[in-house]
2 protein chains.
Amino acid sequence: MDNYNLLQENIRKRIEVTEDEMSYFIFLLQQKKYSRKELILRESEISHNFTFIVSGCVKSYLIDNKGEEHILTIAPSDWWITDINSFVSGTPGNLFLEALEPTTALLLSREKQELLLAKIPKFEKYFRILTEKAFAVSQQRIIDYMSLTALERLEKFVASYPSVISSLTQQQIASYIGVTPSFFSRMIKGKKIF
Amino acid sequence: MDNYNLLQENIRKRIEVTEDEMSYFIFLLQQKKYSRKELILRESEISHNFTFIVSGCVKSYLIDNKGEEHILTIAPSDWWITDINSFVSGTPGNLFLEALEPTTALLLSREKQELLLAKIPKFEKYFRILTEKAFAVSQQRIIDYMSLTALERLEKFVASYPSVISSLTQQQIASYIGVTPSFFSRMIKGKKIF
DNA sequence: CATCTCAGTTGACCTAGGTCATTTTTCAAA
DNA sequence: TTTGAAAAATGACCTAGGTCAACTGAGATG
């Protein structure tokens, strides 16, 4: 199984496409490998690509004006990730993207995406569905932030992404759920969470 | 100018459509009027519709397990609103939708949307763009929640939605930015925010 | 005009989570 | 196998924001 299989399945789960259509999509992609801790995107750069994770894991995060890092999303394999704000507007974003482990990814640039969608409008549906799902997840995250305690958010995170947990440090999980590492440590003391 | 003009402009800002295509979209819509405080959607109902606000204002909110209300989004005229989670999955959601003032809306049901997209795939693009934008806004909201103080979030909210402020109570603004009404009151004391 | 309800304010006190510096543990690289 | 750096734990203290109840005030309703 090559590096495109995972993406092909991901697409076929959502829309029906012919071999030719699929080939054209794949033809537009650029494959890249990143080593652990390698930066894929820096703050104030324009996010030119939609990035599909074939293997490995990537986080997006921002550095606030106190210098604190906050993890926004964590993308394991079979997920797309980008700085959506920057990607959509074509303006510099405020997110970093960084590989958490050795990662293989497929990049679809905005221009290539436009080519793709112009030539095979069917893929509009694929991206609409992806974006709807991402939007729904993002909304739920806001809800959780407003209505759950840190411990509840942690439990939910662990339940939602059990496979990702092991490749994350406590600091990273703390950052994702929105607490400091030291509070996180105290919070889980005595409890068996993982 | 009738009730469909606003939507037509909204669409034409994003994609090019013929009169016929536009007419078909409009043909699928159901127009509804809501009075102040009228519930459009209740928790644990399925959100069958995408709702376009022609005039008035609608909020989406949830009630957490302590009985507290949290406002998730506020949609003034020219915006779409729904419980995206429920709408996309077709399962019962956990949001309420409520008119904040007398409101005229255009409803597009999931089935009608599917008809529309099947017949005129061009509209896929319209909904993809809408959803991308909504997703970007949602992501930014999470970022703000993680990295700003309550006062900073308030200032940002006021700057972003100046026209909406006047039709909201302090309690509602407090709920949107995620603080209690009493803290909100203290927080703005002495400051001229509005 | 009276009253009722609900938004907003305020006082007194509380707590979830933050800060910062120090220590201990883990784990990758030489 | 050692070593060095980063992750995690922890003590002492701090603060943003919450809680709850009492009070004020203004617009709606009779």
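Note: hydrogens, waters and symmetry copies are ignored here, and every other heavy atom, side chains too, is used. Below, chain A is the first sequence line, B the second, and so on; all start at residue 1.
Counting only residues at least two apart or on different chains, the ring-ring contact (aromatic ring centres under 6.0 Å, His included) pairs with a member in residues 165-190 of chain A are A/F157-A/Y176. The stretch residues 115-127 of chain A participates, sequence neighbours left out, in these salt bridge (charged side-chain N to carboxylate O under 4.0 Å, His left out) pairs: A/E21-A/K122, A/E124-B/R128. For residues 154-182 of chain A, the set of pairs meeting the salt bridge (charged side-chain N to carboxylate O under 4.0 Å, His left out) definition, not counting sequence neighbours, comprises A/D144-A/K156. Listed by first then second residue, pairs satisfying salt bridge (charged side-chain N to carboxylate O under 4.0 Å, His left out) with a partner in residues 29-49 of chain B read B/R42-B/E45, not counting sequence neighbours. Legend: salt bridge (charged side-chain N to carboxylate O under 4.0 Å, His left out) pairs involving residues 177-194 of chain A, not counting sequence neighbours: none detected.
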Hey, what are the protein-to-nucleotides 24-30 of chain D N/O distances that come in under 3.5 Å?
none

*Stepwise side chain to side chain contact (heavy atoms under 4.5 Å, CB included) test for A/S138 and B/I142*: CA-CA 8 Å; A/S138 178; B/I142 296 172; 3.5 Å; yes

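Rounding to whole angstrom units, CE of residue B/M187 and P of D/dG17 are separated by 8 Å. For the pair B/K189 NZ and D/dA16 C1', the computed distance is 16 Å after rounding to whole Å. Between the CD atom of B/E69 and the P atom of C/dC6 there is a distance of 14 Å, given to the nearest Å.
B/T73 and B/S60 share a side-chain donor-acceptor pair at under 3.5 Å.
For A/D64, the salt bridge (Lys or Arg N to Asp or Glu O under 4.0 Å) criterion is met by no residue, not counting sequence neighbours. Applying the salt bridge (Lys or Arg N to Asp or Glu O under 4.0 Å) test to B/R14 and every residue at least two apart in sequence or in another chain returns nothing. With sequence neighbours excluded, the residues forming a salt bridge (Lys or Arg N to Asp or Glu O under 4.0 Å) with B/E19 are B/R12, listed by chain and number.
Separation of atoms CD (A/E68) and CG (A/L62) is listed at 10.5 Å; rounding is to 0.5 Å.
Fit an axis to the five pairs at each end of the helix from C/dC1-D/dG30 to C/dA30-D/dT1 and the two axes sit 50° apart, to the nearest 10 degrees.
The pair B/E101-B/K59 fails the salt-bridge criterion, with no side-chain N (NZ, NE, NH1 or NH2) lying under 4.0 Å from an Asp/Glu carboxylate O.
The aromatic rings of B/Y161 and B/W79 are tilted relative to each other, their planes meeting at an angle between 30° and 60°.
A heavy atom closer than 4.0 Å to some atom of DNA chain D occurs in B/T149, B/A150, these being the qualifying members of residues 148-175 of chain B.
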*Summarise how protein sits on nucleotides 18-30 of chain C as a single string, 5' to 3': B when a protein heavy atom is under 4.0 Å from the base, S for sugar-phosphate-only contact, - for no contact.*
SBB----------

